[in-house]
Amino acid sequence: MNNYQNKIRARFAPSPTGYLHIGGARTALFNFLFTKKNKGSFILRIEDTDLERSLEDSAEKILEDLKWLGINWDEGPDIGGDFGPYSQTQRLPLYHKYAEKLLKEGKAYYCYCAPEELEEKRKSALERKETPRYDGKCKNLTQSQREKLILDGRKKALRFIVPEKDIIVEDLIKGKVEFKKENFSDFIILKSNLTPSYNFAVTIDDLSMRINYVIRGDEHLINTPRQIMLYEALGEALPKFAHLPMILAADHSKLSKRHGTTAVGEFREEGFLPQALINYIALLGWSPSGNQEFFSQEELIQGFSLERVAKNSAIFDKEKLKWMNNFYIKKTLPEDLVLQIVPFLKKSELLKDNYDKKWLENLVFSFQENLNTLEEIVELSKDFFKEKIMLTPEALSLLNEEKSKNLLKVFKSLIQKEIEIIESNFKIIINETQKISALKGKELYMPIRAALTGNLHGLELAKVFSLLG
RNA sequence: GGCCCCAUCGUCUAGCGGCUUAGGACGCCGCCCUCUCACGGCGGUAACGGGGAUUCGAAUUCCCCUGGGGCUACCA
């Protein structure tokens with residue numbers, strides 16, 4: 001086995017209840033960057049204990065999205081590792097082993113309370129404006145009481161006995177966070193269906209996988225004291241904790257489906273490049289020491305540190321993402337870009353299977369700097385796929401002017417002579433047209449543009465010319 | 001309700017007691033380039049939530065208020 005003791009080990013542990021969203025991706029990224037920066041191991045673990053909520057192919061999709069983003073792991077469910085298995089449903093015996101240990105040492109007890117009964121108590125506590133706490137009803141049951149409950153058909157769950165002391169979380173990002181003992185009551189570690197509760201499973205997994213840095217979302221800070229209690233009860237050393245600020249929607253609420261695109265897969269479908277997405281989310285909560293905006297993965301790894309992670313939550317701004325995406329699209333080699341764009345054009349049914357490769361390259365190249373997303377090629381270029389053009393009212397009125405008609409006559413006669421319709425020849429023709437018609441600037445170009453595209457706006461005319469062929 | 005976290009331009013953020021007339025980026029606006037739209041270049045707009053305290057000096061430290069967020073399960 002490796003010398004894991006002195007190596008940093010951090011993990012990303014998504015639950016397969018949906019697709020990878022932007023917040024999860026950022027958590028994964030920071031774990032990844034942190035481990036790579038420190039020559040440690042990045043571990044991927046699937047938290048699928050809640051069978052009811054786990055979705056069939058969700059875990060696979062998450063893995064796929066992470067790979068697409070270029071976030072690779074050293075150990076995980078698909079590639080294995082020294083501390084497997086890497087999904088919780090396969091680790092059940094392990095949880096039972098530790099649960100038994102706690103039970104034997106008198107640090108846990110069976111609880112026979114019915115869920116409805118507990119729910120009732122919680123409600124009434126809330127009504128009395130008190131913090132709901134388990135009352136310890138089953139803590140000191142006698143043997144005969146226990147037997148009776150079992151005979152009644154009551155199911156049992158295992159509760160952990162919370163120690164009577166305050167817990168201080170030393171968070172690498174938030175600093176010292178103190179929790180008073182009054183806030184805790186004996187909590188379930190093994191559910192009546194014999195699966196572990198979240199806090200228990202996480203703790204057992206993290207300690208058995210020798211995770212020494214737990215970097216996760218802010219929403220877990222509140223869980224941390226319970227996990228610390230478990231570590232201590234089991235006599236295990238604590239990992240370091242770092243809680244990342246959350247990513248919120250523009251209305252300051254938790255990012256969710258109703259806020260539009262939030263899943264990594266959706267961004268991919270809209271034509272965002274993984275480099276852009278990575279670069280953008282890296283800057284959500286983390287900031288470099290200088291003014292640099294664009295980072296390669298290697299630069300992110302080199303520059304990353306938890307000290308430079310912000311405490312406050314960030315709001316997701318798609319406009320800035322688009323700007324960044326545009327930058328990466330412009331940086332992409334044209335021939336590579338064509339490959340990436342073909343699926344978008346095919347999906348929109350503009351592009352048939354037997355397309356002219358040269359022409360398509362020309363098209364993509366012409367629009368490259370205009371694209372914020374790959375998908376935008378569809379809207380921008382659709383007219384070039386059509387036989388007929390639609391005239392906008394402005395274009396129509398311009399074409400009806402006497403000047404325009406004369407100009408176009410000249411232009412038309414010239415292009416009929418010209419053999420090759422390529423960009424460089426456009427200049428020759430336009431110069432010639434200019435000489436004959438004695439028009440220049442707007443008066444020269446606009447009527448031609450209107451006649452060629454039916455619109456007064458668009459691509460550089462020389463490019464339009466070559467694309468129309 | 002209780003507990004916890006957070007607070008600099010609309011947004012992402014720099015700032016870790018004097019270097020700050022608060023810096024950069026997106027957005028927005030203007031100018032230049034230009035046949036138009038973009039791209040690009042240049043410039044502009046815009047912020048330390050409020051109140052105390054500490055200090056010679058506070059965006060930076062402390063307290064209170066306010067605001068936002070999270071958690072409050074036999075969900076993860």
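Small disclaimer: the values here were computed from a predicted structure and weren't measured. In what follows, chains are A, B, ... by sequence order, proteins preceding strands, each numbered from 1.
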Visitor: Among B:rG70, B:rG24, B:rC74, which is the nearest nucleotide to the side chain of A:E293?
Guide: B:rG24
Visitor: Check whether any side-chain N or O of A:R154 sits under 4.0 Å from OP1 or OP2 of B:rC74, and answer yes or no.
Guide: no
Visitor: Give the rounded distance in Å between these two atoms: CD of A:E119 and P of B:rC74.
Guide: 9 Å
Visitor: Using Watson-Crick or G-U wobble geometry with both distances below 3.5 Å, tell me the partner of B:rU34, or none.
Guide: none
Visitor: With RNA chain B as reference, determine whether A:A114 or A:K254 sits nearer its 5' end, using the nearest nucleotide of each.
Guide: A:K254
Visitor: Using the C1' atom on both, measure B:rC5 against B:rG10 and round to a whole Å.
Guide: 24 Å
Visitor: Can you tell me if the side-chain N/O atoms of A:K191 get under 4.0 Å from OP1 or OP2 in B:rC75?
Guide: yes
Visitor: Do the side chain of A:Q368 and the main chain of A:T332 share a donor and acceptor less than 3.5 angstrom apart?
Guide: yes
Visitor: Test for a donor-acceptor pair under 3.5 Å between the base of B:rC6 and the side chain of A:S313, counting only N and O atoms.
Guide: no
Visitor: Would you indicate which nucleotide in B:rA76, B:rC74, B:rG69 comes nearest to any side-chain atom of A:S15?
Guide: B:rA76
Visitor: Nearest to the A:D317 side chain among B:rC12, B:rU11, B:rC39, which nucleotide is it?
Guide: B:rU11
Visitor: Under 4.0 Å from OP1 or OP2 of B:rA14: is there any side-chain N or O of A:S287 that close?
Guide: yes
Visitor: Quick test of the criterion, 5.5 Å between centres and less than 30° between planes. Is A:W323 stacked on B:rC26 or not?
Guide: no
Visitor: Could you work out the separation of B:rC16 and B:rU11 based on their C1' atoms and round it to a whole Å?
Guide: 23 Å
Visitor: Round to a whole Å and report the spacing from CD1 of A:I222 to C1' of B:rC4.
Guide: 4 Å
Visitor: Counting side-chain heavy atoms from CB outward, which of B:rA14, B:rC6, B:rC74 is closest to A:K174?
Guide: B:rC6
Visitor: Can you tell which of B:rA76, B:rC74, B:rC35 lies closest to the side chain of A:L118?
Guide: B:rC74
Visitor: Using the P atom as the reference point in each nucleotide, state the distance between B:rU60 and B:rA76 in Å, no decimals.
Guide: 42 Å
Visitor: Taking it one step at a time, do A:W286 and A:F295 satisfy ring pair (Phe, Tyr, Trp, His ring centres under 6.0 Å)?
Guide: CA-CA 12 Å; A:W286 171 82; A:F295 294 86; 5.8 Å; yes
Visitor: Could you measure between the two C1' atoms, the one in B:rC9 and the one in B:rA46, and give it in whole Å?
Guide: 5 Å
Visitor: Distance check, P atoms only: B:rG70 and B:rC12, in whole angstrom units.
Guide: 15 Å
Visitor: Give the rounded distance in Å between these two atoms: CG of A:N312 and C1' of B:rC6.
Guide: 7 Å
Visitor: Less than 6.0 angstrom separating the ring centers of A:Y280 and A:F316, yes or no?
Guide: yes
Visitor: Are the side chain of A:R216 and the backbone of A:T27 linked by a donor-acceptor contact shorter than 3.5 Å?
Guide: no
Visitor: Return the nucleotide paired to B:rC3: Watson-Crick means purine N1 to pyrimidine N3 with N6-O4 or O6-N4, wobble means G-U with N1-O2 and O6-N3, both under 3.5 Å.
Guide: B:rG70
Visitor: If pairing requires Watson-Crick or G-U wobble contacts with both distances under 3.5 Å, which nucleotide is the partner of B:rG17?
Guide: none
Visitor: Specify the residue among A:W286 and A:I173 whose closest nucleotide of RNA chain B lies further upstream toward the 5′ end.
Guide: A:I173
Visitor: Please state the P separation for the pair B:rG40 and B:rG52 - nearest whole angstrom.
Guide: 47 Å
Visitor: Rounded off to whole Å, could you give me the CG-to-P distance for the A:L221 and B:rU72 pair?
Guide: 13 Å
Visitor: For B:rA38 and B:rC29, measure between their P atoms and round to the nearest Å.
Guide: 10 Å
Visitor: Are any of A:R122's side-chain N or O atoms less than 4.0 Å away from OP1 or OP2 of B:rA73?
Guide: yes
Visitor: In this structure, how many angstroms lie between the P atom of B:rU72 and the CG atom of A:N183, rounded?
Guide: 13 Å
Visitor: Counting only side-chain heavy atoms from C-beta out, which of B:rU72, B:rA38, B:rU11 sits nearest to A:P132?
Guide: B:rU72
Visitor: Only one of A:F187, A:Y98, A:Y231 clears ring pair (Phe, Tyr, Trp, His ring centres under 6.0 Å) with A:F160; which?
Guide: A:F187
Visitor: Say we look at B:rC65 and B:rG1: how far apart would their P atoms be, to the nearest angstrom?
Guide: 14 Å
Visitor: Checking salt bridge (Lys or Arg N to Asp or Glu O under 4.0 Å) against A:E232, which of A:K165, A:R226, A:K107 comes through?
Guide: A:K165
Visitor: So what's B:rC28 paired with, Watson-Crick or G-U wobble, going by both distances under 3.5 Å?
Guide: B:rG44
Visitor: Can you tell me how far P of B:rA25 sits from CD of A:E319, to the nearest Å?
Guide: 18 Å
Visitor: Any donor-acceptor pair under 3.5 Å linking the side chain of A:E299 with the backbone of A:S296?
Guide: yes
Visitor: Hey, is A:K97 close enough to A:E100 for a salt bridge, meaning N to O under 4.0 Å?
Guide: no
Visitor: Under 4.0 Å, counting only non-hydrogen atoms across every strand here, what does A:C111 touch: a base, just sugar-phosphate, or nothing?
Guide: nothing
Visitor: I want to check one thing: is the phosphate of B:rC4, taken as OP1 and OP2, less than 4.0 Å away from some side-chain N or O of A:K180?
Guide: no
Visitor: Can you tell which of B:rC74, B:rC37, B:rC12 lies closest to the side chain of A:P115?
Guide: B:rC74
Visitor: To the nearest angstrom, how far is A:K311 atom NZ from B:rG69 atom C1'?
Guide: 16 Å
Visitor: Roughly, in whole Å, what's the span from CG in A:N291 to P in B:rG15?
Guide: 11 Å
Visitor: With a 3.5 angstrom cut-off on both distances, give the Watson-Crick or G-U wobble partner of B:rU54, or none if there isn't one.
Guide: none
